[in-house]
Engineer: 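Have a look at this one before I ask anything.
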Amino acid sequence: MNSRKLPNVVLILTDNQQASTLACYGNSEIHTPNLDRLARQGMVFDNAFCPNAFCSPCRASVLTGLMPSQHGVHSWIDDRTIGAWPDNWHALDGLRTLPVTLRDAGYSTALCGKYHLGVPTSPMNGFDYWCTMADGHVRSFYRNRITENGDSHDHDGHTVDFFTRKAIAFIAEQVAADRSFFVYLPYPAPYGHWPATREEDRCRYSALYDDCPMHSVPREGLSKASVDGFLMRQNHSGGGLDYSMILRAPNDLATLRNYYAQISMVDDGVGQIMGVLDRLGVAESTILVFTSDHGLSVGQHGFWGHGAATFPSNLHHAAHSVPLLMRYESEIAAGRRSGVMVSNMDVFSTILDYTGQPNDQGAMAMPSRSLKPLLSGSPRDWGNDAVFSEQEETRVVRTRKWAYFKRFADAPNHPVGDELFDVEADPREKTNLASDPAHAEIRASLDDMLTAFFESHARPEADLWAGGAPLQNSERGEFWRDAWGDGWQPVYSYGHG
């Protein structure tokens, strides 16, 4: 196949970032001129969400088009236990990932950034070039152990700058050789978690926020769910991580300002990528995607963190909403926005649609949907115009009007209740209508939608609600042992690799 006829692809993924932290989504305190320009040049999705609010599961979903109950990654891959992992273990071995499919089509493929889906010192199948960091849990934006095509070394500088340079060098090499390329650039920023966002190192954008009042971040009282989540994680975490930030960070101005400074660092990196595509004359023939693995509550609902930072888990808008910007100059009209309910998991099918590659995972039903009809201005029937997500014991269906959180109810010692929010009337998702008789019919309808979706898509061995097990880690181990017995535990494989 003449791969030069295929469009190039650059997929940029940030780490822990809700959509409202960008100026193109209405934030007046953030400095993101390059992402604002990308928004003007392409299409913005105003209702983009994630299939899970943890980094490893969402990365797995973006790279496979599958839900956690299909690929099996339900929680963050805990690299503190790497010494006990199988040799060169990768969570997605045996699945048809984006890099596998595109390399089979003739693309040169590269990972430049945070991996967090297996052993970082050996490449996941499908990547020709491999440059990543040792820690999935980002402990610092500086002073990181790097592995590049099998060679490991220490790097003192900022990781956003480092991975941007590596991506630019790879792009330039492929353009010079007249090869189509796929660059996966998952930045380890803005991240938001301690110790990284609390370190004293200042980046070149820190001064912009020294006096920022941070009015774009709500300061709310601590929620009971955040306290319960902290106690559960602290008691069962195995040590080594400071979970107190869930309760302390929302009112720590230094943390908030550092988080915004890291967003500006990411914006700078995106600007450099856009610049090299322009200079090398390949911007028009390159699909450029910017999104995040998942959102992050930075004070909303009385906590700091992701979906499992509370108990029960949540997929409130702050932890569920992600930015999604797409530019493909020869195909996508500039300056358009869509309010359709989409998932960052849909990026998988969209890229394969534009590149004309097979979009399947064998016998598993594909939940990822191609956004090409929306991007081309000829939208097809989008079905229920809904997105589905799961966070271990919590499953969510979200429409433009409703957000319904259904909880697994058969763990006797861990009672949890469902939640229903009218997001049009209650955009902050504060009033739970699940027990309101006036909303019984809509609750039943949404419950039926959730049940039908997971009956169609969940794979029994990876379906926690059916007694299945996650790959490598669970944030709710004691919850699932309460439901399924003391022998329940995470696994490293169940036959797809």
Side-chain angles (χ1 to χ4, degrees), residues 49-77 86 89-98 100-101 117-118 124-126 293-294 307-308 313 315 343-349 352 358-369 383 386-397 406-411 447-477 479-481 483-485 487-497:
F49 298 92
C50 54
N52 180 290
F54 255 141
C55 48
S56 297
C58 285
R59 289 158 196 268
S61 291
V62 169
L63 292 175
T64 65
L66 299 173
M67 294 291 293
S69 283
Q70 294 175 294
H71 56 61
V73 184
H74 285 273
S75 183
W76 63 294
I77 299 297
W89 177 78
H90 297 279
L92 303 184
D93 281 349
L95 293 174
R96 193 161 184 81
T97 62
L98 267 179
V100 166
T101 301
L117 282 169
M124 186 179 83
N125 190 24
D293 55 357
H294 58 82
S313 297
L315 279 164
S343 172
N344 60 2
M345 177 176 60
D346 295 330
V347 167
F348 177 85
S349 293
L352 296 181
N359 178 13
D360 69 85
Q361 292 288 1
M364 285 185 283
M366 180 61 69
S368 173
R369 303 174 290 182
V387 290
F388 298 86
S389 305
E390 57 181 324
Q391 193 82 42
E392 298 217 32
E393 84 289 347
T394 300
R395 286 178 170 173
V396 179
V397 57
K406 181 180 178 65
R407 266 56 186 250
F408 181 84
D410 293 330
D447 195 286
D448 287 345
M449 287 174 62
L450 262 179
T451 299
F453 179 84
F454 282 97
E455 283 181 349
S456 297
H457 293 95
R459 188 164 54 151
E461 60 266 45
D463 184 358
L464 305 185
W465 287 39
L471 292 177
Q472 204 278 317
N473 188 30
S474 167
E475 280 286 290
R476 301 289 186 249
F479 180 94
W480 296 114
R481 282 184 284 275
W484 303 118
W488 184 95
Q489 62 181 355
V491 299
Y492 284 94
S493 176
Y494 28 61
H496 67 55

Engineer: Using the test ring-ring contact (aromatic ring centres under 6.0 Å, His included), find all partners of Phe453 that sit at least two apart in sequence or belong to another chain.
Structural biologist: Phe388, His457
Engineer: Roughly how far, to the nearest 0.5 Å, is OG of Ser313 from CD of Glu475?
Structural biologist: 8.0 Å
Engineer: Calculate, to the nearest 0.5 Å, the distance between atoms CZ and CE belonging to Arg59 and Met124 respectively.
Structural biologist: 11.5 Å
Engineer: How many angstroms lie between atom NE2 of His294 and atom OG of Ser389, to the nearest 0.5 angstrom?
Structural biologist: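 The distance works out to 12.0 Å.
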Engineer: Does some side-chain heavy atom of Pro68 sit less than 4.5 Å from a side-chain heavy atom of Ser61?
Structural biologist: yes
Engineer: Answer yes or no: is there a side-chain heavy-atom contact under 4.5 Å between Val100 and Leu92?
Structural biologist: no
Engineer: Val62 and Leu98: which non-hydrogen atoms are nearest, and at how many Å?
Structural biologist: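 Scanning both residues, the minimum pair turns out to be O-CD1, 4.0 Å.
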Engineer: Measuring from Leu450:CG to Arg395:CZ, what's the distance to the nearest 0.5 Å?
Structural biologist: 8.0 Å
Engineer: Does Leu464 reach the side chain of Phe479, with side-chain heavy atoms less than 4.5 Å apart?
Structural biologist: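 No - every pair of side-chain heavy atoms lies 4.5 Å or more apart.
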Engineer: Would you indicate whether the side-chain heavy atoms of Asn125 and His90 approach each other to under 4.5 Å?
Structural biologist: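 Counting from C-beta outward, His90 and Asn125 never come under 4.5 Å.
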Engineer: Give me the ring orientation class for Trp89 and Tyr492: parallel if the planes are under 30° apart, tilted from 30 to 60°, perpendicular past 60°.
Structural biologist: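 Perpendicular: the ring planes of Trp89 and Tyr492 meet at over 60°.
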Engineer: Does any non-hydrogen side-chain atom of Asn473 lie less than 4.5 Å from one of Val73?
Structural biologist: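 Not touching, per the 4.5 Å side-chain cut-off.
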Engineer: To the nearest 0.5 Å, what is the distance between CG on Asp463 and OG on Ser69?
Structural biologist: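 OG of Ser69 is found 4.5 Å from CG of Asp463.
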Engineer: For the atom pair CG (Leu471) and OH (Tyr494), what is the distance rounded to the nearest 0.5 Å?
Structural biologist: 3.5 Å
Engineer: Search all heavy atoms of Pro51 against all heavy atoms of Ser343 and return the closest pair with its distance.
Structural biologist: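 In this case the closest contact between Pro51 and Ser343 is CD-OG, 3.9 Å.
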Engineer: Sequence neighbours excluded, which residues qualify as ring-ring contact (aromatic ring centres under 6.0 Å, His included) partners of Phe348?
Structural biologist: none
Engineer: Check whether any side-chain heavy atom of His74 lies under 4.5 Å from a side-chain heavy atom of Glu390, and answer yes or no.
Structural biologist: yes
Engineer: Looking at residues at least two apart in the chain, or sitting in another chain, which of them share a salt bridge (charged side-chain N to carboxylate O under 4.0 Å, His left out) with Glu393?
Structural biologist: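 If we apply the salt bridge (charged side-chain N to carboxylate O under 4.0 Å, His left out) test to Glu393, skipping adjacent residues, the hits are Arg476.
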Engineer: To check you understand the geometry: which heavy-atom pair defines the closest contact between Glu392 and Ser75, and what is its length?
Structural biologist: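 Residues Glu392 and Ser75, closest heavy atoms: OE2-CB, 3.8 Å.
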Engineer: Evaluate the side-chain proximity of Asn344 to Cys50: yes if any heavy-atom separation is below 4.5 Å, no if none is.
Structural biologist: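 With C-beta onward as the side chain, the pair touches.
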Engineer: Between Ser349 and Met366, what is the shortest heavy-atom contact and its length?
Structural biologist: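 For Ser349 versus Met366, the nearest heavy atoms are OG-CG, 4.2 Å.
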Engineer: Minimum heavy-atom separation for Trp484 to Trp465, with atom names?
Structural biologist: CZ2-O, 3.4 Å
Engineer: Are Gln70 and Pro367 close enough that some pair of their side-chain heavy atoms sits under 4.5 Å apart?
Structural biologist: yes
Engineer: What is the minimum heavy-atom distance between Gly468 and Trp488, and which atoms define it?
Structural biologist: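 Minimum heavy-atom contact is O-NE1, 2.9 Å.
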Engineer: With distance as the sole test, does Trp480 use its side chain to make a donor-acceptor pair with the main-chain N or O of Gly485 at under 3.5 Å?
Structural biologist: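 Checking the backbone N and O of Gly485 against the side chain of Trp480, no donor-acceptor pair under 3.5 Å is found.
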Engineer: Would you sort out whether Gln361 and His71 count as a side chain to side chain contact (heavy atoms under 4.5 Å, CB included), showing the intermediate values?
Structural biologist: CA-CA 10 Å; Gln361 292 288 1; His71 56 61; over 6 Å; no
